[in-house]
Structures are given as C-alpha cells and as structure tokens.
**Student:** 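Pasting a structure here, questions to come.
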Amino acid sequence: RLKRAGATMEAGTRPGLHICEGDCAVLKRDDVFKAVPVLRRRKIIFEKQWFYLDNAIGHIYGTTFEVTSGGNLQPKQEMEETTPETKEAGTDNRNIVDDGKSQKLTHDDIKALKDKGIKGQEIVQQLIENSTTFRDKTEFAQDKYIKKKKKKYEAVITIVRPSTRILSTMYYAREPGKINHLRYDTLAQMLTLGNIHAGNKMIVMETCAGLVLGAVMERMGGYGSIIQMYPGGGPVRAATSCFGFPKPFFNNLHEFPLSKVDSLLSGTFSTETLPSEPEDNALVEEESNGSIDEKQASIQETEEESTETAMESNQTEEQETMDINAEDIGFKENQGKENKENVREKQRKQQERRKKLIETAALLREKNADGLIVASKFHPTPLLLSLLEFVAPSRPFVVYCQYKEPLLECYTKLRERGGVINLKLSETWLRSYQVLPDRSHPKLTMSGGGGYLLSGITVVLDKSKCDSSNLEALKMEEPSSKKRKVQDLHC
C-alpha cells in the first residue's frame with residue numbers, strides 16, 4: 001500500500017505546481033533572483049554556489065533547498081532554535097570595539113569545518129559561541145549579526161515559479177538596460193491602465209526583451225489575441241521564454257514588422273511587398289546540384305580509367321583506391337541530399353512566415369484592437385500616431401518612456417491631432433519599507449525613478465471637422481488684448 005501511494009504521488013506531479021524537467025524556474029536567495037531551465041546533470045552557478053537541479057525535480061515550487069557536498073540539493077528541514085527564550089543581551093553597543101579580535105575562530109578553522117561537511121547552521125552557531133562580544137550586543141544587533149552570518153555561510157536557495165513580479169524584479173536588479181529601466185510598479189500601472197484582461201485583442205510594441213509581452217500574456221491567460229509589433233528582422237522574446245508558458249498560449253500570438261505599417265495604412269501592402277519567393281533560389285540550387293552530380297560522374301569515370309591502368313601494377317592498391325573513391329562519392333551524394341532537404345525546410349518556413357504575416361495584416365486591417373501598449377527605446381510620437389489607427393474607439397492606450405520630454409512632445413501632438421480624451425502623464429513613486437518589531441522604517445536605499453507613463457482613451461476622430469475645430473480653439477485661446485489690436489489694424 002505504501003509503495004502504491006508513492007507511485008501515485010510521483011505520477012501526480014502536476015506541471016505548474018511541481019518542478020518538472022524542462023520547466024523554466026527562478027532561483028531565489030534573499031532578494032537575488034536568477035531564471036534557469038530545469039535540466040538534469042546541468043551545472044548551475046548562482047551566488048558563488050554551484051549545484052545540480054536533479055533532486056529538485058518532483059518537489060513543489062517554493063521549496064527551500066540546501067546545497068550539500070557534490071552540488072546536490074536537499075530540502076531544508078526547519079530546525080528549532082536552541083537558544084533560550086530569554087536571550088542575554090546588552091543595553092547598548094557603545095562599549096564594543098571592532099578590533100577584529102572578538103572572534104576566536106580563524107579563517108583556517110572555518111575552512112576546516114566546511115571541509116568536514118558541517119552545515120552552515122552549525123558553523124553559525126559555533127561563530128556565536130566563539131564570539132566574545134556577542135552577549136554584549138543589543139538584541140537587534142544580535143539578530144543582525146546572525147542574519148549576516150547565515151547569508152554568508154548557509155548555502156540555501158528557494159526555487160519559485162516565474163511570474164511578472166519576480167521576472168521584472170530580476171531584470172530591474174540585474175540588467176535594467178535591457179528593459180529600458182522599466183520598474184515593476186510601473187509595469188503594474190501599465191497593465192492596469194491598459195485594461196488587460198482575458199479575451200482582449202491587444203497590440204504590443206516593446207523593446208524590453210519580451211518582458212511586457214510576457215506580462216500581457218500572463219494577464220490574458222491564453223484567451224484573446226496579441227499582435228506584437230517589432231523592429232528589425234524579428235521579435236526578441238528572451239524574457240517571454242522565462243515565463244514558461246504552455247504551447248497553446250502562443251497560438252494566438254501574432255507578429256508584424258514595423259517597416260510594413262505605413263504600407264498597410266496606405267493600402268499598398270500585399271504579398272508582393274513580402275520577401276521574394278524562395279522557389280527561384282531553390283531552382284538555382286537544384287541546377288547547381290545537377291551540375292555537381294555531372295561533375296561527380298565525370299570524376300568517377302576518370303577514376304575508373306585510372307584504376308584500370310593501375311590494375312597491372314598492383315591489385316591491392318586498386319582495391320584500396322576503389323574503396324576510397326566509393327566513400328567519397330557516397331559522401332558527396334549524401335551532402336547533396338542534405339542540401340536539398342535544407343532548401344525544402346527553408347522554403348517551408350518562409351511559406352509559413354508569409355502565411356502568418358498575411359493573417360496578421362488581416363487582423364490589423366479590421367482596426368478593432370481593444371488596447372495598445374508601447375514601451376520601446378524609440379521616440380514614442382511616430383509610433384503612437386501610426387499604431388492608434390488600428391485601435392477601436394473608446395479603448396485605452398499606454399505609452400512608457402524612461403524620460404518625460406518625449407512623452408511631453410507626444411502629449412502635445414495628440415492634443416493637436418484630437419481623437420483622444422483623458423490624456424494623463426504620470427510617474428509612480430516607489431519606496432520600500434523595513435517592517436520589523438519596534439524598528440519599522442523606510443529603507444535607506446530607494447529607486448531614483450521608474451520611468452513615465454502617458455495614458456488615454458481613444459474616441460472617434462472626425463477628420464472633416466478637425467481643421468476647423470483647431471482654428472476655433474486657437475481663436476478661443478487668444479487673449480482679448482491681442483484681439484483688440486487685430487481689430488484696430490483692420491479698421
């Protein structure tokens with residue numbers, strides 16, 4: 001019965017709740033994160049520790065592991081504190097002198113303890129016992145000392161599931177330049193202002209390594225459709241792959257190059273504007289392969305003639321040369337077949353890409369998108385003015401930029417153009433707090449800035465009345481004194 005229960009537990013490891021091979025997991029130690037793929041016998045280096053994730057497979061996400069000898073992971077067992085309830089602590093730290101002589105254990109002693117395989121908790125306990133000033137410190141100073149030593153000597157990591165909050169925190173701390181210094185609270189504001197939910201048809205233009213795209217996909221939960229606009233030769237989805245989405249999430253993910261937006265708006269977009277047909281290249285390659293085959297046949301004939309003349313000299317040498325020639329011919333024939341297969345595979349991929357591009361263009365022509373998200377390193381004004389044409393009326397849009405000056409220019413252009421209401425330019429202010437008994441206070445270090453957001457709602461733009469309304473608005477804005485001077489001049 002016990003054996004059967006264990007088998008059902010192994011069979012019941014559900015993807016999403018349990019760590020499975022092939023997943024993308026996030027390693028956590030204190031406030032440091034790192035996204036890694038879960039693979040067997042793959043060496044992982046994290047926070048000056050190396051280990052393998054083999055033993056972590058099958059455990060629940062959120063489990064804390066301890067790195068043992070040989071780089072193996074073992075689930076950490078909670079140990080009861082051996083210290084008594086009434087700790088010996090001093091009243092203040094004024095009389096404590098940090099001269100480096102308070103610790104009896106030397107570096108060699110600590111290294112010897114590590115070599116013996118003693119766990120980090122025991123090393124920390126011995127450091128406390130061999131410290132001459134530990135009991136004289138205040139209770140808060142003692143807790144701080146223990147926390148510092150645990151961080152240094154305990155090789156403990158936690159494996160968590162990737163999410164928008166965790167990945168945005170990881171990227172902002174490790175590589176903020178790759179995500180245009182987009183802070184996680186600003187990303188949360190973008191998802192809220194953009195009204196992202198399941199069933200939407202969203203347009204996303206971002207150059208944040210796919211982080212914004214992954215956040216939108218996570219919020220939509222695989223329902224609805226997303227059109228990703230990308231610059232260059234193809235979209236970048238490094239951060240999107242870290243989310244570990246299942247394959248059905250990508251069925252409704254479309255992509256469209258920014259270089260084709262103007263032709264799509266002007267009505268000149270067609271299959272002729274797509275990359276050239278791959279069949280021409282295939283014909284050229286097939287002809288070249290045919291000429292190669294002919295050359296191979298002529299080479300084979302000359303080689304046979306040479307073997308016939310050499311037959312009189314030595315039969316053994318003839319047999320060896322024939323074997324070598326046969327191997328060379330077979331190798332060249334196999335190489336020609338591989339080239340043809342590669343050409344066919346390339347043709348198939350190009351045809352699929354052309355088909356998907358035409359489908360995405362049809363979706364954009366409907367001009368009924370439910371929202372627009374822009375977070376790129378390019379100037380937002382031309383991007384927003386062109387992409388707003390694909391958004392339906394009464395739908396939200398959000399634009400992120402690291403600096404406010406481009407968004408101010410974009411704000412002015414939108415007010416002149418019209419077709420939008422509720423325009424807001426905002427900046428979120430974030431400050432972390434330390435929450436501990438009797439010592440809760442703001443942290444000394446905080447983020448200087450998380451970027452700026454321009455948000456609004458689209459409305460129907462009456463282009464016929466646009467110019468006249470702009471003139472009337474300019475007249476209304478003129479001061480009365482200026483109007484009097486103009487009237488006097490006319491008189």
Side-chain angles (χ1 to χ4, degrees), residues 199-214 216-217 220 222-241 243 245-290 336-378 382-392:
N200 267 7
K201 180 181 178 181
M202 297 298 302
I203 298 176
V204 179
M205 164 55 199
E206 59 112 336
T207 57
C208 299
L211 179 64
V212 179
L213 175 65
V216 173
M217 292 175 66
M220 294 178 64
Y223 298 95
S225 59
I226 302 173
I227 302 173
Q228 182 187 8
M229 317 297 292
Y230 64 89
V236 179
R237 296 173 182 171
T240 309
S241 61
F243 281 86
F245 293 127
K247 290 183 179 180
F249 273 58
F250 295 91
N251 292 339
N252 295 324
L253 176 60
H254 310 275
E255 55 193 46
F256 195 81
L258 281 175
S259 59
K260 304 292 182 183
V261 171
D262 293 337
S263 61
L264 186 63
L265 290 173
S266 60
T268 58
F269 177 83
S270 65
T271 55
E272 296 178 357
T273 61
L274 295 175
S276 59
E277 292 288 339
E279 284 78 11
D280 299 334
N281 298 330
L283 290 174
V284 173
E285 292 187 4
E286 285 180 359
E287 290 175 359
S288 62
N289 289 333
K337 291 179 181 179
E338 289 179 359
N339 291 334
K340 290 181 180 180
E341 290 178 358
N342 292 334
V343 169
R344 291 171 184 171
E345 183 68 18
K346 189 175 180 181
Q347 290 178 8
R348 187 182 61 80
K349 288 182 179 180
Q350 288 182 355
Q351 290 292 341
E352 289 180 357
R353 187 183 178 189
R354 291 169 63 86
K355 185 179 179 182
K356 290 180 180 179
L357 202 59
I358 294 172
E359 292 176 356
T360 308
L363 290 174
L364 289 172
R365 283 196 188 99
E366 296 174 359
K367 297 185 178 182
N368 61 349
D370 294 319
L372 172 64
I373 303 291
V374 178
S376 71
K377 59 185 178 182
F378 305 110
L383 286 175
L384 185 62
L385 292 179
S386 59
L387 294 179
L388 278 178
E389 299 292 332
F390 304 114
V391 183

**Student:** Distance from S376 atom OG to M229 atom CE, nearest 0.5 Å?
**Tutor:**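 Nearest 0.5 Å value for the OG-CE distance: 12.0 Å.
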**Student:** Give me the atom names and distance for the closest heavy-atom approach of A239 to G210.
**Tutor:**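 Taking A239 first and G210 second, the nearest heavy atoms are CB-C, 3.9 Å.
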**Student:** Of all residues at least two apart in sequence or in a different chain, which pass the side chain to side chain contact (heavy atoms under 4.5 Å, CB included) check with K377?
**Tutor:**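 N180, T207.
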**Student:** Please report the interatomic distance CG(L387) to CG(L258), rounded to the nearest 0.5 Å.
**Tutor:**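 With rounding to 0.5 Å, CG (L387) is 6.5 Å from CG (L258).
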**Student:** What are the two closest non-hydrogen atoms of V261 and F256, and how far apart are they?
**Tutor:**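 V261 and F256 have their closest heavy atoms at N-CE2, 4.1 Å.
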**Student:** Of all residues at least two apart in sequence or in a different chain, which pass the side chain to side chain contact (heavy atoms under 4.5 Å, CB included) check with E352?
**Tutor:**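 Side chain to side chain contact (heavy atoms under 4.5 Å, CB included) list for E352, sorted by chain: R348.
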**Student:** Can you tell me if K201 uses its side chain to pair, donor with acceptor, with the backbone of L363 under 3.5 Å?
**Tutor:**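 Pair found, side chain donor or acceptor close to backbone of L363.
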**Student:** Can you sort out the partners of N200 under side chain to side chain contact (heavy atoms under 4.5 Å, CB included), two or more places apart, ordered by chain and number?
**Tutor:**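 Side chain to side chain contact (heavy atoms under 4.5 Å, CB included) check on N200 returns H197, M202, M220, D370.
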**Student:** Look only at the side chain of T360 and the backbone of H254, and say whether a donor-acceptor pair between them is shorter than 3.5 Å.
**Tutor:**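 Such a contact is absent between T360 side chain and H254 backbone.
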**Student:** Rounded to the nearest 0.5 Å, what separates atom OG1 in T240 from atom CE in M217?
**Tutor:**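 Output value for this atom pair is 6.5 Å.
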**Student:** State which residue, out of I203, I227, V204, fulfils the side-chain contact (heavy atoms from CB on, under 4.5 Å) condition with L372.
**Tutor:**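 Between L372 and the candidates, side-chain contact (heavy atoms from CB on, under 4.5 Å) is satisfied uniquely by I203.
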**Student:** What pair of heavy atoms forms the shortest contact from A238 to S241, and how long is it?
**Tutor:**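 Smallest heavy-atom distance, with atoms named: O-OG, 2.7 Å.
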**Student:** Determine whether a donor-acceptor pair (N or O, by modelled atom type, separation under 3.5 Å) exists between the side chain of Q347 and the backbone of Q351.
**Tutor:**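 Here the side-chain-to-backbone pair does not exist.
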**Student:** NZ/K346 to CZ/R344 distance, rounded to the nearest 0.5 angstrom?
**Tutor:**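 Output value for this atom pair is 15.5 Å.
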**Student:** Can you name the side chain to side chain contact (heavy atoms under 4.5 Å, CB included) partners of S259, sequence neighbours left out?
**Tutor:**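 For S259, the residues satisfying side chain to side chain contact (heavy atoms under 4.5 Å, CB included) (neighbours in sequence not counted) are P257.
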**Student:** Could you grab the distance from atom CD of E389 to atom CG of L384, nearest 0.5 Å is fine?
**Tutor:**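 CG of L384 is found 10.5 Å from CD of E389.
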**Student:** For the residue pair R353 and G233, what are the closest heavy atoms and their distance?
**Tutor:**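 For R353 versus G233, the nearest heavy atoms are NH2-O, 3.4 Å.
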**Student:** Could you work out, with ring-ring contact (aromatic ring centres under 6.0 Å, His included) as the rule, every residue matching F245, not counting sequence neighbours?
**Tutor:**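 Listed in chain order: F243, F249.
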**Student:** Kindly state each residue pair satisfying side chain to side chain donor-acceptor pair (under 3.5 Å) with at least one member in residues 222-236, sequence neighbours excluded.
**Tutor:**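 The answer is Q228-R237.
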**Student:** State, to 0.1 Å, how close C208 and A375 come at their nearest heavy-atom pair, and which atoms those are.
**Tutor:**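 Minimum heavy-atom contact is SG-O, 3.6 Å.
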